[in-house]
Amino acid sequence: MGSGTWSTNVYDAAARYRAATGASAFAYSDGGATSTHDDLDPFGVTVRESRDSDEHPESLALAVLFDVTGSMGNVPRTLQSKLPGLLGLLMRKGYVENPQILFGAVGDATCDRAPLQVGQFESDNRMDDHLGRILLEGGGGGQMRESYELAMYFMARHTAMDCLDKRGRRGYLFMIGDELAYPKVKKREIAKIIGGEPAEDIALESLIAELKRKFDVYFIIPEGAYHSGDDRLPEFWRTHLGQNVIRLDDLDAVCETIALTVGLAEDAVDLDEGLSHLREFGSDAGTSVSRALAPLSSGRGAVTISAAPTGLDPADTEVTRL
Amino acid sequence: MTERSSAEHVVVVDLGYGDAGKGTVVDRLCARGPYAAVVRFNGGAQAAHNVVTTDGRHHTFAQFGSGTLTPGVTTHLSRFMLVDPLALAAEAGHLTALGARDALDRLTVDRDAPLTTPYHRAANRARATAVAHGSCGMGIGETAAYALASDEAPRVGDCHSPARLRRRLTLLRDHLFDELGPLGVPGVEECAEAFGAFGERVRITGEGFLPGLLRAGPVVFEGAQGVLLDERFGFHPYTTWSTTTFANALTLLGEAGAEARRLGVLRAYQTRHGPGPFVTEDPLLDRPERHNRRGRWQGAFRVGHLDAVALRYALEVCGGADALAVTHLDVPAPLLCHAYDLGARITPAADLTGQALLTDRLMSARPRYVATGEDPAGAIEDALGVPVTLRSYGPTAADKTTGDRARTAGAVAV
């Protein structure tokens, strides 16, 4: 027994919790690293797995890959510090019961030292470790294209997910960037960066069709990157992803935007309800999120869910979701 | 994996009135044993388990497991624990200062555990001025009572739901104000903010977590307070609002299909904090007390001779122990009480009214002593019929010896 050895001052406690953050979100890059961390190196990886466990049954895979090349400016650094909040946000409102999140980064296979970095699907804070190990390279070429196709190839062919295998539900893939993909995945880049080699190069279109069988794919264009204002960017991605292209004018709202997008797609909330949750959390991201997500939810009135939740038919993704 | 999980879990409880040295025993188990996690299963922030490391660092563990000063040892606060996020922050701060910088990262908390708030604490103190049967003034009883009475009691999981947390804090505050009049307490907004920050920082877990932890390797269950203070089997009304026997730990283990060894801890003399029966009390028995003082809300710290009658009662009501850990063997009591002058065994009554009658009898009972002798651990073993497997002669892990009587017979202070 005892009697209150430790102070119970309410203000001190709040300040202490806020101050007591873990290691720097940028520890790896700031430590002078110049190549992909071993944990994030895709070379030789058979599959990154999202599996159910006793603790996390009915897992749902969610991957967030962001462009870390020079054109993104300070955006990757902001993302690296914001994204650790995503898991809590998804779970707090019950948008997703058991999310498993994978973080990764996209560079340029034609010239970067870290053209692709991919963590593991995790259900806990370990995902933050992966995030912290992402190298913010700042390279990239000058042609307004990065190797998103290589990242999409990895996600399509080198992931295995119980949500899909056991329950026929696709995972979610968010890419955040300000450039276009190359028109083909080149087999020699695959051999060099991921390992294994398909018989021939794969056209972007057929790759994306394949990817959509596994993931509901979104592209987020953040304000503040070099090409953010270029109209070719949303046009290009809309051609491939339909309405799943999101313009985000407030980078601080990235977690809220992703969480709410998933919440909408999972039919866990409607936009108004989701925005009121944001206010409840004390987030002032509502306006930006509302603008970003309006195209996804407007003009559809009541929620419509595609009859086949399996998502195994690529044509599925073309029907109006939600 | 098979090898690791074949080592046994162990539940550590205090067979007396608290203060027996559970902290130092748990520290020893984690520092020298295979245990990688500590699970708390009763009480709350009122616990004060003192640990001194071999290099001289001292920490009073209240909510963190007493194994925390061993690098990598994690703490899980189960749903039976009353969690006080405010006191936890300060405790984490001191652990950081002692070098355990990742203490909060090594902590998990069950989402169903009730929260102790400044409102509970203020109500506890307002009432304690009227009633005097030993309270810590930390709001533990208030928390437990309110959690039993109300479906809207704030719980750890609410820290992830700001609106629900605010609603529940408001209901609680208003409920206590109605009953006790206005209390000097921080506002709901301030509390909600601090609890929210706690929820952001600390990993909150659901029901599958503990079974997974138990499968991963052997775990120490660290009890708080002592069996003789148990809400049901203690000497009513001088008890605590908590189940202090092995019961909660066994419930958690049972849910996971796991088992554990039961370790009872006692000092080589008897102590009690605050009022209540203490048959072998001897104010002339001078024992150095490093960490326990008179508490404003608890009353005096009292010492006395070994009480085998009370200890046998404790063993009976908690279903027995597999082994004992005896602390303070460097300063054992000279006398051991083997019987009271009541002419009958003391046994648990059918209800709290019966327990209160038992208390009355104990208040006037007189001890019958024998000399403890040269081998106090052996005398305890004989009096209680349970083997002593851990002997402590001082505050640090290095001051302890393990093994059965034959091997350690004649062991002197290490």
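It should be emphasised that the depicted structure is a prediction, and the values quoted were computed from it without experimental measurement.
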#### Entry: Under 4.5 Å from a heavy atom of chain A, the part of B:Leu88 involved
both
### Task
Please answer whether the main-chain N or O of B:Pro85 pairs with a side-chain N or O of A:Tyr17 as donor and acceptor at a distance below 3.5 Å.
yes
### Task
Below 4.5 Å from any heavy atom of chain A, which atoms of B:Arg101 appear? Answer side chain, backbone, both or neither.
neither
### B:Ala194 versus A:Val10, closest heavy-atom pair with distance
CB-O, 3.5 Å
### Task
Calculate, to the nearest 0.5 Å, the distance between atoms CG and CD belonging to A:Asp54 and B:Glu207 respectively.
11.5 Å
### Task
Mark yes when over 12 heavy atoms from residues, nucleotides or ligands other than A:Glu97 sit less than 6.0 Å from its CD; otherwise mark no.
no
### Message
Quick check for you: among B:Ala87, B:Gly43, B:Gly208, which has the greatest number of heavy-atom pairs under 4.5 Å with chain A?
### Response
B:Ala87
### Pick from B:Ala163, B:Gly157, B:Ala197, B:Pro211 with the largest number of heavy-atom pairs that fall under 4.5 Å of chain A
B:Ala197
### Message
What part of B:Glu200 gets within 4.5 angstrom of chain A, counting heavy atoms only: side chain, backbone, both, or neither?
### Response
side chain
## Note on the structure
So CZ of A:Arg16 and CZ of B:Phe198: to nearest 0.5 Å the spacing works out to 15.0 Å
### Message
So for B:Pro118, is it side chain, backbone, both, or neither that comes closer than 4.5 Å to the heavy atoms of chain A?
### Response
neither
### Query
When heavy-atom pairs shorter than 4.5 Å are enumerated against chain A, which of B:Gly212, B:Gly206, B:Ala89, B:Gly196 gives the highest number?
B:Ala89
